[in-house]
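Reading through the structure tokens given below for one structure.
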There are 2 protein chains.
Amino acid sequence: MKFSKATNYALHTMLSLVIDPSMKPVGVQVLAEAQDVSPTYLSKILTKLVKAGMLESVSGANGGYRLTRKKDEITFLDIIHAIEGTASLFECHFDHGEECLIQQVMVEAETKMELHLKQTKLIDLAAKMKAHV
Amino acid sequence: MKFSKATNYALHTMLSLVIDPSMKPVGVQVLAEAQDVSPTYLSKILTKLVKAGMLESVSGANGGYRLTRKKDEITFLDIIHAIEGTASLFECHFDHGEECLIQQVMVEAETKMELHLKQTKLIDLAAKMKAHV
DNA sequence: GCGTGATTACTCGGATACAAGATGTCCGAGTTTGAGCGG
DNA sequence: CCGCTCAAACTCGGACATCTTGTATCCGAGTAATCACGC
């Protein structure tokens, strides 16, 4: 029960793209170097974000990845769901007749976490970082 | 990023012990049958709960597992922490100078989930089940 | 100067390798209960 | 009837075996920009 490193890479990559004022595509090599990951692995992660519709990839020379949505629409939850999947964190596969009460409690707890992640946007962090400098 | 099956087994086992009015030790075989798990595997899980101090094991004939604390003191979070560990779900190992803002957001979200799990006690479910019958 | 082709700098996707953790099994050792047996 | 011994019913703990998942690499294919070259 841990968030994967891939999620960490995805969040940091998205944040750096949000901070970057120029909307030009950024090569995966540049992004990978900043986080000390192999470019090929990072590209695998980023294709998930592309499929989720929050990035687009520009192929060819001077290609790379670029944001599609407006910066203030991207929440933590979007990114996490794109990488980790949207399935519930806890699933009881038992057959104790009706609904599993334990499952209900777990889902409630999970929902509270997701609410916080849905309310927090990447642009909020960008603003905070600027203020700090 | 999923809760392990072991957590599910642990929660169900604890719940059935809380419901059971007699405070006699219950053999692992009985507990395992109810959940369709192998007894040896379940005992591995339960020893974690013993080490966490919420169960005690009685060895020998007619032995088994028994609650140590009062029933209304056992929260979901206690059990989950005993099985999954208490480490943070998200850890950024990067060196971007100061504290990682992303990490902060993730920890805040996690804290909200934990708060709900800490407030919910097994005895609450037991009461709900009785009412439902 | 201008088109055309080759080169270069990229991403994409699949196949594969590797490591770690979750899941589960097996077995020997220790512990208590209870039954059986001898005095 | 009492006490001793022994078997049975348990848990405990470590050592394995297996399976899934996360992490990561490699390579061939496709694509767009740029450079080189010939006209």
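To find a chain, count down the sequence lines: A is the first, B the second, and so on, and within it residues start at 1. As the structure is a prediction and not an experimental result, all values here were calculated from the model.
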From dT23(D), dA22(C), dG13(C), nucleotide with atom closest to Ser4(B) side chain: dA22(C)
Hits for side chain to side chain donor-acceptor pair (under 3.5 Å) against Asp20(A), two or more places apart or cross-chain, chain-then-number order -> Ser22(A)
Between P on dT11(C) and CG on Leu46(A), what's the gap in Å once rounded to a whole number? 9 Å
Give the rounded distance in Å between these two atoms: CZ of Phe3(A) and C1' of dT21(D). 16 Å
Ionic contact status for Glu91(B) with Lys2(A), cut-off 4.0 Å: yes
Using only heavy-atom distances, determine whether the side chains of Thr75(B) and Gln119(B) contain a donor-acceptor pair under 3.5 Å. no
Checking dT11(C), dT23(D), dT23(C) against the side chain of Ala6(B) (C-beta onward), the nearest is dT23(C)
Main-chain N/O of Thr68(A) paired to Glu56(A) side chain as donor or acceptor, under 3.5 Å: no
The criterion is side chain to side chain donor-acceptor pair (under 3.5 Å); which residues satisfy it with Thr40(A), sequence neighbours excluded? Ser38(A)
What's the NZ-C1' distance between Lys24(A) and dC10(C), to the nearest Å? 16 Å
Taking protein heavy atoms under 4.0 Å as touching, what does nucleotides 24-37 of chain C look like 5' to 3' if B marks base contact, S marks sugar-phosphate-only contact and - marks none? BB-----BBSS---
Please identify each residue that fulfils ring-ring contact (aromatic ring centres under 6.0 Å, His included) with His12(A), with sequence neighbours left out. Phe94(B), His96(B)
Straight-line distance of Met1(B) CE to Phe3(A) CZ, nearest 0.5 Å: 3.5 Å
Atom NZ of Lys48(A) to atom P of dG13(C): distance rounded to whole Å? 13 Å
Counting side-chain heavy atoms from C-beta on, which of dA22(C), dT11(D), dT11(C) comes nearest to Tyr65(B)? dT11(D)
Taking CG from Asn8(B) and C1' from dA22(C), how many angstroms apart are they, rounded to a whole number? 14 Å
Euclidean distance, atom CZ of residue Arg66(A) to atom C1' of dA32(D) [Å, nearest integer]: 13 Å
I need the CD1-C1' distance between Ile83(A) and dG22(D), as an integer number of Å. 12 Å
Ring pair (Phe, Tyr, Trp, His ring centres under 6.0 Å): which pairs involve residues 52-86 of chain B, sequence neighbours left out? none
Taking it one step at a time, do Asp78(B) and Lys118(B) satisfy salt bridge (Lys or Arg N to Asp or Glu O under 4.0 Å)? CA-CA 7 Å; Asp78(B) 293 332; Lys118(B) 195 187 295 183; over 6 Å; no
For each nucleotide in nucleotides 2-7 of chain C, reading 5' to 3', give B when a protein heavy atom comes within less than 4.0 Å of its base, S when such contact involves only the sugar-phosphate, and - otherwise. ------
Grab the CE-P distance between Met1(A) and dG22(D) for me, whole Å please. 13 Å
